[in-house]
Chemist: 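Below is a structure I'd like to ask you about.
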Amino acid sequence: MAGPSGPTIALDDLRIAERGNGSLTTAGVGPSLVKEGADADEIPLELQPYVRFGLLEDLLNKARANSLWPLTFGLACCAIEMMAAGAARYDLDRFGAGVFRPSARQADVMIFAGTISKKMAPVVKQLWDQMPSPKWAIAMGGCTIDGGPFKYPNQYAIVEGADKIVPVDVYIPGCPPRPEALIAGILKLGDKIKAGRRFKG
Amino acid sequence: MPETVTQMVDSPALAILIGIAGVMGALTFNALFLVWLERKASAWIQRRMGPTEVGPFGVLQTIADMLKLLSKQLITPKHIDKPLYHIAPVLVFVPVVAATSLFPFDEHIALSNLDIGLVLVFAFGGLGIVGIFMAGWGSNNKYALLGAMRSVAQNISYEIPLILSALSVVLMVNTMGGPETNGMNLAQVAQMQHDKGYWFVLVQPVAALIYFIAALAETNRAPFDIPEAESELIAGFHTEYSGMRFALFFFAEYANMFIVAMVATVLFFGGWSGPVLPGPAWFFIKTYGIVFAMMWIRWTFPRLRFDQLMSFCWMILIPLSILNLLVTAFIARAV
Amino acid sequence: MLEEIRDEGAATGERYVLNMGPQHPSMHGVLRLRLELIGEEIQEAEAVIGYAHRAHEKMAENRTWPMFLPNTSRVDYLSGMIYNLAYCQAVEKMLEIEVPERAEYIRIIAGELNRISSHLLWLGTYVMDIGGLTPFLYAWDDREQVLNILERITGSRLTYSYGRFGGLTMDVDDVFIKQTQVFLERMKGRLVEYDKLVRQNVIFIKRSEGVGIIDAETCRRYGVTGPNLRAAGVAYDVRKDEPYGIYDRFDFEVPTLTTADSLARYDIRIREIEESLKIVGQALRDLPEGPIMPDKPKKKFKPAAGETYFAVEAARGHFGMYLVSDGSETPFKIKLRTPSFSNLAAMPEVLRKTMVADIIAIVGSIDIVLPEIDR
Amino acid sequence: MSGTAPGLDGLLLTSAAEDHGKSGFHHRHTCAPESLLAIARAFDAAGYFLEMMTAEDRRADLDKMRLVYTWNRFGPVDRHLLQCDLEVGASAPSVVAATAAADWMEREVYDMYGVTFDGHPDLKRILLPDDSDFHALLKDFGRMEDAEGASGNGHGEDA
């Protein structure tokens, strides 16, 4: 989905809503983002569970964990390692995560592969909103954890960490992290999803 | 001629139920199997592993995908054309299910034995195009619109060589079979190839080749996958669809491939006729052989540009198929 | 007939704006192309960049000279080794530091291996952009071999900080030399395979031939350098025209063609891989013994005030560094003249009157890396 | 004047040959802002290409903003460095008419240093977000010392 840059949304007025608490209709583990000051009735109905089907949820969470379709979202150097993870030697497709969907509507997990510059932040926010829940975010590489090698006091160019824009589920350190680290991160996310109910979020 | 299900079962309502259950079950299994086959075939061609973690040899992978897509949130964008957007996946999916019931799997039993079987198959194929265009137009997204325009132009122009090449087989069957045979009836075509002992692909190689190429274009696959060209138009006409709606398009694409392969099996490779194995086994072996060939081509060829694709169809395929039709007519008259 | 329809479309003005936005499968990072289209034909193309701006040059002014080393291989992470060694050579030139012979040879080997891995990645992504999905995997398979070799001496796969002012950090052992020789042999066979699978594929030829002509005059006006310029017939290669390091001891040709289309750029890069293989072979053959760092390396780096310019031939073209020192420990200014910045500047003019599918082919064929453009 | 260089007579303030081995340039010139376009046309006519263009914030020592151009040619290397000192806040003539490469380079200098170029077809920011109100590479902007509570050295940890 193309995202025009548009005005820079001030980052601090976005509050991270409480995570979806894993009921059948809700967003599984995936959290959803609501504007600051959204009071109770504005939170979509589906986020308030009434009936919980334990076994069915476990089955669905297992299915979700084993078919995480990443969004092709390469920003910088980590994108090359993400492509290497998708290529023949490390092969993400073994875990069902090899189907890279270019359109945000069909993707489950957004892998932040590279530095998020301040000009890119609103585009990232728009892409995250376009993804259907349950959705997850993997922060790959130092730049998405806390700015990495480009962080120094009073710097003007980058957003220091992906969690300032989007609720991140798994952090993968490294600059760039090796493809095995990315696969380990995806498997860790799978475990987190499978453990759905115990993660009250 | 094969005894149809309705004749075997006395009450027609029950027959319809059996028919629907059979077709839906077969198609669902087929879609799941084909998705798995595609990922494994592409992995084999690309020297990698493909899905291996979910179940033995990754067999349960597509079931996991289907379950995940089932439980995804169905996003409906705000400024879409609501009726078109919601009907499109249905209109793409239903003709495919209907078309599956027309094929003679075996000498004795068939779901239906219609005299206009072949015409119906191509008619249902045409309906799918309308669905794709509605999807592209309804989802109010420039990429989807571009994808829809391309898919309509491509499918309509490749429909012509598809039908002409099938026509040459029908013409041959009618002339060779005498007055009462009807080339449109797929069961009779398969029966004749069994009686004659040779497959029509040996007699009609050019028609088979044209049919195969046009079939590739008809199902938006391989060198002709312009409508949902991943590297150009994000995801083509189904950019705005998420969750189960997107799964319907996915499902319809693989079922379409299956149907086109079945038509090729019946017309050119002798349907269910084969030496040792029972009828349906031969039928499915041939069909899945053709489907594998389509997958093989997808993972080796780059994509044609839009104007090259159109000129290829109008300048080369259509004249060739007309020529083939004329040649068949002369030979059929002479024989 | 066709001409009237096209002009008539322009007259009635059914132009619409299509945004090939920052997130697009084949925009090689975060390039945004704002296109004005009539039907599928581009009338106006505007490239919006800056989505990967990470302020390398501002960081240079806040750090001492050696602290800028890690930044250099993150500017263009596909030819990170070449950039890293270029920065070392530039500062060595300012401070007149002598580099031991063995280190010079290892720099040549590592730089050319890095160029091969960058061209292999380009081969995979270019063919994937025009639809062929399998050659990408084969090209990556070879690239992983190069990454293994370079990882052995540098410890990292992509962002190397292998050079130091005056030499290198790690020495090369015979396992490295063995692996490199095996790779050189294997690569010759692989290039034949690519030729059969990709170059002789009729659809590939139809999609690349005559697409995106960037003639020599346009290259000169926009400052386009590298394989894109050599495909237009100009034999400008910094390794030959302005030799740095010990490149003048190796004999290799500079391949040039004259058709200046995407196919020519493909052929040029394949022949450049062959040339680089030759260079690495020669460098391995006469690799001398000896130290890789001067015996008493300097600790404090205070170059004399003044301006210096140092240029190298990176995988994408002429990469120049304009270093300004005011005599203190931190640089006064470092300007990174990156090749993709000028290569992309020519795109709005080249893309006019092409089809949507051609944009992807052309932008793919000039091999750009966005963080190198946005710095 | 300067060997095989194009006809630059009369347009330069100072001109000197340089040892390429030491500084990387073959010739070093300085000129007044008005003659920039004429010099660019002369280089263009002689078949040179605009290799690099940047600026230096020399307000501290010279109270000037210095524009730096380098021209080079595709044949045997002959690199000309041209420095042109501008009054602070003055605008320079754009050389886009002579070489199209200058379009993006001048936009970048405007984006990073705030130097405006009159005659530039579309002078707007190229790297920074469109609505940013600062010029990044000016010496008094974004210094580490005046970050809140940061210690002075390169990698000061936040307090």
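Here is how names work: the chains are called A, B, and so on, in the same order as the sequence lines, proteins then strands, and each is numbered from 1.
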Chemist: Less than 4.5 Å to any heavy atom of chain C: does that hold for the side chain of Leu75(A), its backbone, both, or neither?
Modeler: both
Chemist: Using 0.5 Å steps for rounding, measure from the CZ atom of Arg178(A) to the CG atom of Leu147(C).
Modeler: 9.0 Å
Chemist: Is it the side chain or the backbone of Ala79(A) that comes within 4.5 Å of chain C heavy atoms, both, or neither?
Modeler: neither
Chemist: Does any non-hydrogen side-chain atom of Pro179(A) lie less than 4.5 Å from one of Arg157(C)?
Modeler: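 Yes; the side chains approach each other to less than 4.5 Å.
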Chemist: Mind listing the closest non-hydrogen atom pair of Tyr156(A) and Ala55(C) along with its distance?
Modeler: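 Here Tyr156(A) and Ala55(C) meet closest at OH-CB, 3.4 Å.
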Chemist: Under the 3.5 angstrom rule, does the side chain of Lys118(A) hit a backbone N or O of His53(C) as a donor-acceptor pair?
Modeler: no
Chemist: Contact part of Leu33(C) toward chain A, heavy-atom cut-off under 4.5 Å: side chain, backbone, both or neither?
Modeler: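 Neither part, no heavy atoms under 4.5 Å.
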Chemist: Name the region of Ile116(A), side chain, backbone, both or neither, that has any atom closer than 4.5 Å to a heavy atom of chain C.
Modeler: neither
Chemist: Given that the side chain runs from C-beta out, which part of His56(C) has a heavy atom under 4.5 Å from chain A: side chain, backbone, both or neither?
Modeler: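 Answer is side chain: those atoms of His56(C) sit under 4.5 Å from chain A.
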Chemist: Only heavy atoms, only distances under 4.5 angstrom. Which residues in residues 364-375 of chain C are near chain A?
Modeler: Pro371(C)
Chemist: Where does Phe100(A) contact chain C at under 4.5 Å (heavy atoms): side chain, backbone, both or neither?
Modeler: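 Contact with chain C involves no heavy atom of Phe100(A) at all.
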Chemist: Please round to the nearest 0.5 Å and tell me the distance separating atom NZ of Lys58(C) and atom CD of Gln155(A).
Modeler: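 The distance works out to 12.0 Å.
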Chemist: Heavy-atom distance under 4.5 Å to chain A: side chain of Arg34(C), backbone, both or neither?
Modeler: neither
Chemist: Indicate yes or no for a side-chain donor-acceptor contact from Gln23(C) to the backbone of Pro102(A) under 3.5 Å, with no hydrogens or angles considered.
Modeler: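 Side chain of Gln23(C) to backbone of Pro102(A), a donor-acceptor pair under 3.5 Å: yes, one is there.
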Chemist: Of all of Val124(A), Thr115(A), Ile80(A), which one pairs up most often with chain C through heavy atoms under 4.5 Å apart?
Modeler: Ile80(A)
Chemist: Do side-chain atoms of Ser117(A) reach the backbone of Arg54(C) as a donor and acceptor pair under 3.5 angstrom?
Modeler: no
Chemist: Kindly confirm or rule out a cation-pi arrangement of Arg63(C) over Tyr152(A), judged by NZ or CZ under 6.0 Å from the six-membered ring centre and within 45° of its axis?
Modeler: yes
Chemist: What are the two closest non-hydrogen atoms of Val30(C) and Gly74(A), and how far apart are they?
Modeler: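 So the two residues come closest at CG1-O, 4.2 Å.
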Chemist: Quick one: what part of Ala113(A) sits under 4.5 Å from any heavy atom of chain C, side chain, backbone, both or neither?
Modeler: neither
Chemist: Counting only heavy atoms closer than 4.5 Å, note whether Leu18(C) contacts chain A via side chain, backbone, both or neither.
Modeler: neither
Chemist: Where along residues 123-139 of chain C does a heavy atom come under 4.5 Å of chain A, listed by residue number?
Modeler: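 At a heavy-atom separation under 4.5 Å, chain A is reached by Thr125(C), Phe136(C), Leu137(C).
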Chemist: Flag the one option from Ala88(A), Ala87(A), Ala84(A), Cys77(A) with the top tally of heavy-atom pairs under 4.5 Å to chain C.
Modeler: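 Most heavy-atom pairs within the cutoff with chain C belong to Cys77(A).
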Chemist: Are any of the side-chain heavy atoms of Pro176(A) and Thr159(C) separated by less than 4.5 Å?
Modeler: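 They are in contact (side-chain heavy atoms under 4.5 Å apart), so the answer is yes.
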